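Note that the structure is predicted; figures quoted are calculated from it, not measured.
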Amino acid sequence: MTDNITSVSGGGRADAGVSALTGRTGAGTPAETRGKTTIADGVVAKIAGMAAREVPGIHSLGAGMARAFGAMRERVPGGGGGVTRGVKVEVGERQAAVDLDVVVDYGVSIVDVAGAVRTNVISAVERMTGLEVVEVNVVVDDVDLPDDEEEGQTQPDEGRVR
């Protein structure tokens with residue numbers, strides 16, 4: 001029998017904000033339970049961000065200002081891809097909670113997309129970390145409208161008012 005214990009370090013220590021999985025030691029215990037596995041909050045946030053982006057109908061993650069700063073950060077060399085933009089996580093001893101700010105594509109069912117995001121995020125985080133995801137809160141900040149200029153449908157000489 002193995003006892004897996006998950007704990008989160010607190011305070012100002014260097015390992016603050018991480019989840020540590022530890023097991024029993026000794027010759028009679030399976031190798032996979034010997035030692036300690038530490039999962040940082042940022043890892044859970046990356047998993048959740050990637051899982052949310054995989055859902056059809058999600059245009060991007062992050063509220064307005066976060067998207068604006070993220071777009072500038074992506075243009076700077078070494079600025080990162082912003083996988084965790086719009087993702088906040090709280091990791092406890094054995095559970096995690098995820099908050100997502102999303103932008104959906106115009107025309108999709110927001111209720112269906114939010115449900116699919118919850119399902120995908122919970123599945124990915126639980127499968128990859130072993131933590132129980134108790135909630136995934138989805139805030140829809142914006143709807144991405146089709147841009148006529150990108151699709152080449154706008155005629156330069158045509159306008160509503162002449």
How many angstroms lie between atom CD1 of Ile47 and atom CZ of Arg127, to the nearest 0.5 angstrom?
8.5 Å
Could you check whether any side-chain heavy atom of Val133 comes within less than 4.5 Å of a side-chain heavy atom of Leu131, counting everything from C-beta outward?
no
Closest non-hydrogen contact found for Arg85 with Arg53 is O-NH2, 3.8 Å
With a 3.5 Å cut-off and sequence neighbours excluded, list the donor-acceptor pairs that the side chains of residues 99-106 form with protein atoms.
| from | atom 1 | to | atom 2 | distance (Å) |
| --- | --- | --- | --- | --- |
| Asp99 | OD1 | Asn137 | ND2 | 2.8 |
| Asp105 | OD1 | His59 | ND1 | 3.4 |

Val83 side chain reached by Met50 side chain, heavy atoms, under 4.5 Å:
yes
Minimum heavy-atom distance between Leu61 and Ala52, given as atom pair plus value:
CD2-CB, 4.1 Å
In a check of side chain to side chain contact (heavy atoms under 4.5 Å, CB included) between Val44 and each of Thr84, Val87, Val89, which one passes?
Val89
Let me check something: any side-chain donor-acceptor pairs from residues 110-123 under 3.5 Å, sequence neighbours excluded? List them with distances.
| from | atom 1 | to | atom 2 | distance (Å) |
| --- | --- | --- | --- | --- |
| Asp112 | OD2 | Ser109 | OG | 3.3 |
| Arg118 | NE | Val136 | O | 2.9 |
| Thr119 | OG1 | Gly115 | O | 3.0 |
| Asn120 | ND2 | Ala51 | O | 2.7 |
| Asn120 | ND2 | Glu54 | OE1 | 3.1 |

Between Val143 and Val139, is there shared hydrophobic-cluster membership here, with clusters defined by ILVMFWY side-chain heavy atoms closer than 4.5 Å?
no
Only counting residues at least two apart or in another chain, list the ones meeting side chain to side chain donor-acceptor pair (under 3.5 Å) with Glu132.
Gln95
If you round to the nearest 0.5 Å, how far is CE of Met128 from CD of Glu126?
13.0 Å
